[in-house]
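In what follows, chains carry the letters A, B, and so on, assigned in the order in which the sequence lines appear, proteins first and then strands, with residues in each chain numbered from 1.
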There are 2 protein chains.
Amino acid sequence: MQKFLEILKEKGSKVTRPRKKVLSVLLNANYPFTLSEIYRNCTDIDFASVYRTVQLFISMKIVRQINMCDKKIRYELIIDKPHHHIQCNGCGKIEKLDICILDEVRKLTDYNITEHMMEFSGLCPDCKIK
Amino acid sequence: MQKFLEILKEKGSKVTRPRKKVLSVLLNANYPFTLSEIYRNCTDIDFASVYRTVQLFISMKIVRQINMCDKKIRYELIIDKPHHHIQCNGCGKIEKLDICILDEVRKLTDYNITEHMMEFSGLCPDCKIK
DNA sequence: CTGGTTGCAAACTCTTTGCAATCCT
DNA sequence: AGGATTGCAAAGAGTTTGCAACCAG
């Protein structure tokens, strides 16, 4: 939390109630939240402020945007290295994936790849036997 | 074209002008189109009809939905086996990728994976040297 | 002829913005 | 104090639906 507030100050932005609240919601989220999920957890903060705060955080590289299979745009704090997700359609849980194919695609295509997404969904080991 | 019209008939749907038009637009598209790109290429067809036609085609497995890095939902005919895409942010071209990591993720997670996306964007070899 | 389909218009949902009031520093 | 930020309200953009008229089989 403190670390992120420092980034705000460094870049000349103010530490305000809405920004602290959005930050704490994202810190407590154990999977990437949609905008409205963030909003629903920010009591007394206007939707527009949540929206603008998230945009600000993205521009400051505090937050990254995630697209999962359900086509909803989600957001997560940049606290660990980039990773991908797998979501269970049975119980809804979202897990991080420690596997990537970026380097192979770089070699294969010779592109200078700046963005990529790799997201999976299905039934987790528990749900698929039920 | 004929093959797809057969599927329509088999499933008890009528072969109409809007449906033929949407089909031909998708056949001529050399990359996945968004709904409005399809609409823009369907002169004299109402947006709602394009929309409902695409939904119908999805339910009949004639069309699949693609999410690319630009966050826009795109559609392509199911004519070849599933594949992924890489998009150049310089010249805009979209290429198919003949690489996938699905089996590795299956092994790693033991999920019964029913959906996945893997999309890349960046600068193609030509654009990155400019 | 007749039920499936279309076009139009309107309702929704989600995202984005202008502006006066308010809050950090 | 003074500029950045917020809340409100409304505008946009994209998606979805009800319904009367129309058309393919």
Asker: Among residues two or more places apart or on two chains, list those pairs meeting ring pair (Phe, Tyr, Trp, His ring centres under 6.0 Å) that have a residue in residues 76-117 of chain B.
Answerer: A/Phe120-B/His116, B/His83-B/His85, B/His84-B/His116
Asker: Please assess B/Arg17 against B/Arg19 for the test side-chain contact (heavy atoms from CB on, under 4.5 Å), listing each intermediate value before the final yes or no.
Answerer: CA-CA 5 Å; B/Arg17 198 174 60 90; B/Arg19 289 173 183 172; over 6 Å; no
Asker: Let me know the distance between CZ of A/Arg19 and C1' of D/dT5, rounded to the nearest Å.
Answerer: 6 Å
Asker: Which residue pairs satisfy the ring pair (Phe, Tyr, Trp, His ring centres under 6.0 Å) criterion with at least one member in residues 1-31 of chain A, sequence neighbours excluded?
Answerer: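 Listed by first then second residue: A/Tyr31-A/Phe33.
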Asker: Shoot me the first and last contacting nucleotide of DNA chain C against chain A, ordered 5' to 3', at under 4.0 angstrom to non-hydrogen atoms.
Answerer: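 For DNA chain C, the relevant span reads C/dT15 to C/dT25.
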Asker: In residues 48-74 of chain B, which residues come under 4.0 Å of DNA chain C by heavy atom?
Answerer: B/Ala48, B/Ser49, B/Arg52
Asker: Are side-chain heavy atoms of B/Ile94 and B/Met68 found at a separation under 4.5 Å?
Answerer: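 Answer yes - side chains close enough.
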Asker: Answer yes or no: is there a side-chain heavy-atom contact under 4.5 Å between A/Glu104 and A/Leu108?
Answerer: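 No, side chains not in contact.
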Asker: Can you check whether B/Leu26 reaches B/Val22 side chain to side chain, under 4.5 Å on heavy atoms?
Answerer: yes
Asker: With the side chain counted from C-beta on, respond yes when B/Cys91 and B/Cys124 share a heavy-atom pair under 4.5 Å apart, and no when they do not.
Answerer: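 Side-chain contact under 4.5 Å: yes.
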Asker: Quick one: side chain to side chain contact (heavy atoms under 4.5 Å, CB included) partners of B/Lys130, sequence neighbours excluded?
Answerer: none
Asker: Note down the inter-axis angle between the two ends of the helix from C/dC1-D/dG25 to C/dT25-D/dA1, five pairs each, to the nearest 10°.
Answerer: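 Comparing the first five pairs with the last five, the axes sit 30° apart.
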Asker: Checking A/Lys128 now: which residues fulfil side-chain hydrogen bond (donor to acceptor under 3.5 Å, both in side chains) with it, not counting sequence neighbours?
Answerer: B/Asp110
Asker: Other than A/Leu123, what residues sit in its cluster of Ile, Leu, Val, Met, Phe, Trp and Tyr side chains whose heavy atoms are under 4.5 Å apart, directly or through others?
Answerer: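 Via sub-4.5 Å side-chain contacts, A/Leu123 links to none.
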Asker: So B/Ile73 and B/Asn67, do their side chains get closer than 4.5 Å, heavy atoms only?
Answerer: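 Side-chain contact under 4.5 Å: yes.
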Asker: In whole angstroms, how far is the C1' atom of D/dT5 from the NZ atom of A/Lys21?
Answerer: 19 Å
Asker: side-chain hydrogen bond (donor to acceptor under 3.5 Å, both in side chains) with B/Lys93: which residues, sequence neighbours excluded?
Answerer: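 B/Lys93: no side-chain hydrogen bond (donor to acceptor under 3.5 Å, both in side chains) contacts found.
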Asker: Do nucleotides 20-25 of chain D as a string where each nucleotide becomes B, S or -: B if the base has a protein heavy atom under 4.0 Å, S if just the sugar-phosphate does, - if no protein is that close.
Answerer: ----BS
Asker: Please tabulate, for side-chain N and O atoms in residues 46-66 of chain A, each donor-acceptor pair with protein atoms closer than 3.5 Å (sequence neighbours left out).
Answerer:
unit_1  : atom_1 : unit_2  : atom_2 : d
A/Asp46 : OD2    : A/Ala48 : N      : 3.0
A/Thr53 : OG1    : A/Ser49 : O      : 2.7
A/Ser59 : OG     : A/Leu56 : O      : 2.7
A/Arg64 : NH1    : A/Glu76 : OE2    : 2.8
A/Arg64 : NH2    : A/Asp80 : O      : 3.0

Asker: Counting only heavy atoms and a strict 4.0 angstrom limit, can you tell me which residues of residues 22-42 of chain B come near DNA chain C?
Answerer: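 Close to the strand, none.
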Asker: Given side chains that start at C-beta, do those of A/Thr109 and B/Glu95 come closer than 4.5 Å, heavy atoms only?
Answerer: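 SC-SC contact between A/Thr109 and B/Glu95 ruled out.
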Asker: Are B/Lys71 and A/Glu115 within salt-bridge range, i.e. N to O under 4.0 Å?
Answerer: yes
